[in-house]
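Worksheet for the structure shown next.
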Amino acid sequence: MARRDVVFLLDGSDGTRSSFPAMRDFVERMVERLNVSEKGDHVSVVQYSRDPEAHFYLNTYSRKEDVLDTLRGLMHKGGRPLNTGAALQYVRDNVFTASSGSRLVEGVPQLLILLSGGKSFDNVDTPASSLKELGVLIFAIGSRSSDSRELQKISNEPSYALSVSDFADLPSVQQQLFTNIDTVFVEGTSSTTTAIAEGRRQRRDVVFLLDGSDATRNGFPAMKEFVQRMVEKLEVSENRDQVSVVQYSRDPEAHFYLNTFKTKEKILDSVRGLRHKGGRPLYTGAALQYVIDNVFTASSGSRRVEGVPQILVLLSGGRSFDSVEAAASSLKELGILTFGIGSRGSDSRELQRISYDPNYALSVSDFSELPNVQEQLLASVKAVSIPITPTSQTVTADYVTPRKDIVFLLDGSDGTRNSFPAMRDFVQRVVEQYTIEANRDRVSVVQYSREAEVHFYLNSHTTKEEVLDRVRGLRHKGGRPLYTGAALQYVRDNVFTASSGSRRLEGVPQILILLSGGRSFDSVDAAASSLKELGVLTFGIGSRGSDSRELQRISYDPSYALSVTDFSELPNVQEQLLASVQAVAMPITPASPTLTADDATPRKDVVFLLDGSDGTRNTFPAMRDFVQRVVELFNIEANRDRVSVVQYSRDAEVNFYLNTYATKGEILNTVRGLRHRGGRPLNMGAALQYVRDSVFTASAGSRKQEGVPQILILLSGGRSGDNIDTPASTLKESGILIFGIGTRNSSREVQRIANDPTYAQSINEFSDLPSVQQQFISSLNNALGQVKPMTPTVAGKTDYHTSLENSTLSSPCKACRRH
């Protein structure tokens, strides 16, 4: 049965108010012709003007009747300006995802139908290109007021852009659209999914990057056979698919390049003759950079500048000893689609970060099981391999150049009417100092008084001239009172986001420059704290009417708050600001935020480390139930308690990190679904070191640098096969409170690991956990009651007394008394 994931993106701006019913009717007629069912076609509808809004996702409805009922009730959104670029980025990041029902990785064709009634106020090129690279086929329909060239640029092919005089004429192009869709999407078998018809020949440049370190010696023959089977499925020839193989451990080594062999037979002969490289440690980051600099290049046969899809298939059997972030980010920016396959020894989170999309990361227990994921990988590769519009040659070195995302937040209230020209001139002069390009510095400007208003987003303009033109045209907003807190929250939720052009997840520094001429009428603390936790570096500049202490609290560091008597004196602090921004503008982890009133609330970061070895197979359900009961007593929120669960035997594996979930329901659902890991021997020392290096970190959600208590709860059912003393000591020196529960086989070891022998409980077996739960909770409460702040305290507070009793981790009767 043919299957499609179809997303309708509708212009809901003020300009389409009268024609919106015709657009709605058109979508209804289209849906009537689709085969909507769980295993058939899936549909989503998104409406946009200044901001996009999803009415329903691809996995919201599985019956045509439900989709049609919702469509009939659609109301026009309204609003302006029309930001089509931001809307395209939104559907890429939020709708064409597995969590929203997209079946892209299963090879199901992805289709976007855009109805736009006007010219976009922001840049559409980058998000449109990003959708095409993901494998989404875009069809666009415009009206008299639309920009036909813009719609052709957005569409995969100029012929996929249709036009009507008015949206009331949509029935006249409906059949043509359906014909185009049916022509383009040819449903194949499981091994040949989406094909592009109309004579367009698919071409791919495929690079296999193989872990050849000592740890994969036994698994290497299976890896080699996997590559052979994949190559068998490709159509290798000079004008079709090209293949390269690279092996790495400490250093990478190219066995052959994309232009070395022109026939499938020669490639297969070379693959059969591959010898395991060996060596350690495993430097995956360096290997990724190597393929960027030496394999995905024109001289090595890459056809990237011709628009040929570039695919990297990584097989990694362990965690990298060097950082993978910069190289993985460079691969994504070059448009290289990276698929990562890991085994039991790999770090699944690392593979997700390396992969072009987290859904492109696959996992097997052992490389001998690679045939189990072969079809899934092949379907994914073929689904995304849609020839894209050739791009201009990009110099790789460009991606190691410093990059910044800079947002100016300007006080446009009545109090700054006279000084607004000086603020505008200041923004112009600062922008002049930056290198504005899509892959270098990006700029956004927001003005606020009672409400915040975006003049343009980080992805609206890609040249300095465009940005400066918009800045010169800025008009004072006016209005009162001044709600700085709401404005800070607004930029956090609407501007420092991927859909608005933020590259925070790629490690690009996020900078906010606030110019405020008065004291805020609302609280700024929660929003300022939220920006800091996000890693946004806020600089505040105030005038005579501002509250200097308020600006210091808002700024990422008090020293980042500057002051002038009047905004006409802004040139006096310009150099100081630029120097400060330059000094901090490097990918960093938030180090020591200033505590605000929000931080006085009791908070905890709690990691459960569970023995998942063969010896706990029968008692694992009891351990899982214990975790559930303890989590039930926490106050789970992003700014309150956070929880992570790690399971270990020979190796450690994260089930979820401290920042994976922000609600108790999500955590409990995941805990209920935990499966016993299995394996031996039991390496508790390695597991303790793992949680220190990979879980109690800012990138994994730890708030240690903010003074939030760090708690490790260890459940161990046997003696460790490795040394526990050094990693336990390292955790304690890091300020982590370790509590442990052991059985008769492990109790003495657990006492050595715990911060204090009283923090260790002993039971005969894990089915006895309920009998020590209350005693365990009391120990936690007592210990946390003595926790002192690790960072400056809130003004007026002399103690950061955090007890679990105050955090609802107490007996039911205490909870009742509080109510």
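Throughout, numbering of the chain's residues begins at 1 and tracks the sequence. Note that the structure is a prediction, hence the values are computed from the model and not measured.
- A donor-acceptor pair under 3.5 Å is absent between the side-chain atoms of D605 and the main chain of S702, judged by distance alone.
- Put simply, the side chain of V643 does not reach to within 4.5 Å of the side chain of V671, judged on heavy atoms.
- More than 12 heavy-atom neighbours from other residues, nucleotides or ligands sit within 6.0 angstrom of CZ on R617.
- More than 12 non-hydrogen atoms from other residues, nucleotides or ligands lie less than 6.0 angstrom from CZ of R103.
- Listed by chain and number, the residues in a ring pair (Phe, Tyr, Trp, His ring centres under 6.0 Å) with F220 are H276 (sequence neighbours excluded).
- A donor-acceptor pair shorter than 3.5 Å cannot be found between the side chains of S694 and R349.
- When side chains are defined from C-beta on, V207 counts as touching L312, because their heavy atoms get closer than 4.5 Å.
- For the pair L210 and T216, the minimum side-chain heavy-atom distance is 4.5 Å or more.
- A heavy-atom distance below 4.5 Å is found between the side chains of R672 and N669.
- Remark: the E325 side chain and the S323 side chain contain no N/O donor-acceptor pair separated by less than 3.5 Å.
- Counting heavy atoms of neighbouring residues, nucleotides and ligands inside a 6.0 Å radius, atom CZ of R719 does not exceed 12 of them.
- Within the structure, the salt bridge (Lys or Arg N to Asp or Glu O under 4.0 Å) test picks out the following pairs touching residues 275-288 (sequence neighbours left out): D214-R280, E253-K277.
- A ring-centre distance under 6.0 Å is found for F739 and Y759.
- For S270 and H255, the side-chain atoms include no donor-acceptor pair closer than 3.5 Å.
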- Using the side-chain hydrogen bond (donor to acceptor under 3.5 Å, both in side chains) rule, take S746 and E749 through it: C-alpha gap first, then chi angles, then the decisive distance, then the call. CA-CA 5 Å; S746 60; E749 246 182 10; over 6 Å; no
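- Minimum interatomic distance between E350 and S320 (heavy atoms only, all atoms of both residues): OE1-N, 3.1 Å.
- For the pair R675 and Q647, the tightest heavy-atom approach, listed with the atom from each and the gap, is O-NE2, 3.2 Å.
- Proximity of N635 to E637: side-chain heavy atoms (C-beta onward) are separated by under 4.5 Å at one or more points.
- Looking at heavy atoms from C-beta onward, V708 lies in side-chain contact with Q710 at the 4.5 angstrom threshold.
- When atom types are taken as modelled, the side chain of S100 and the backbone of F96 share no donor-acceptor pair closer than 3.5 angstrom.
- Residues R677 and R344 meet the side-chain proximity criterion, which asks for heavy atoms closer than 4.5 Å.
- Looking at heavy atoms from C-beta onward, V271 lies out of side-chain contact with V243 at the 4.5 angstrom threshold.
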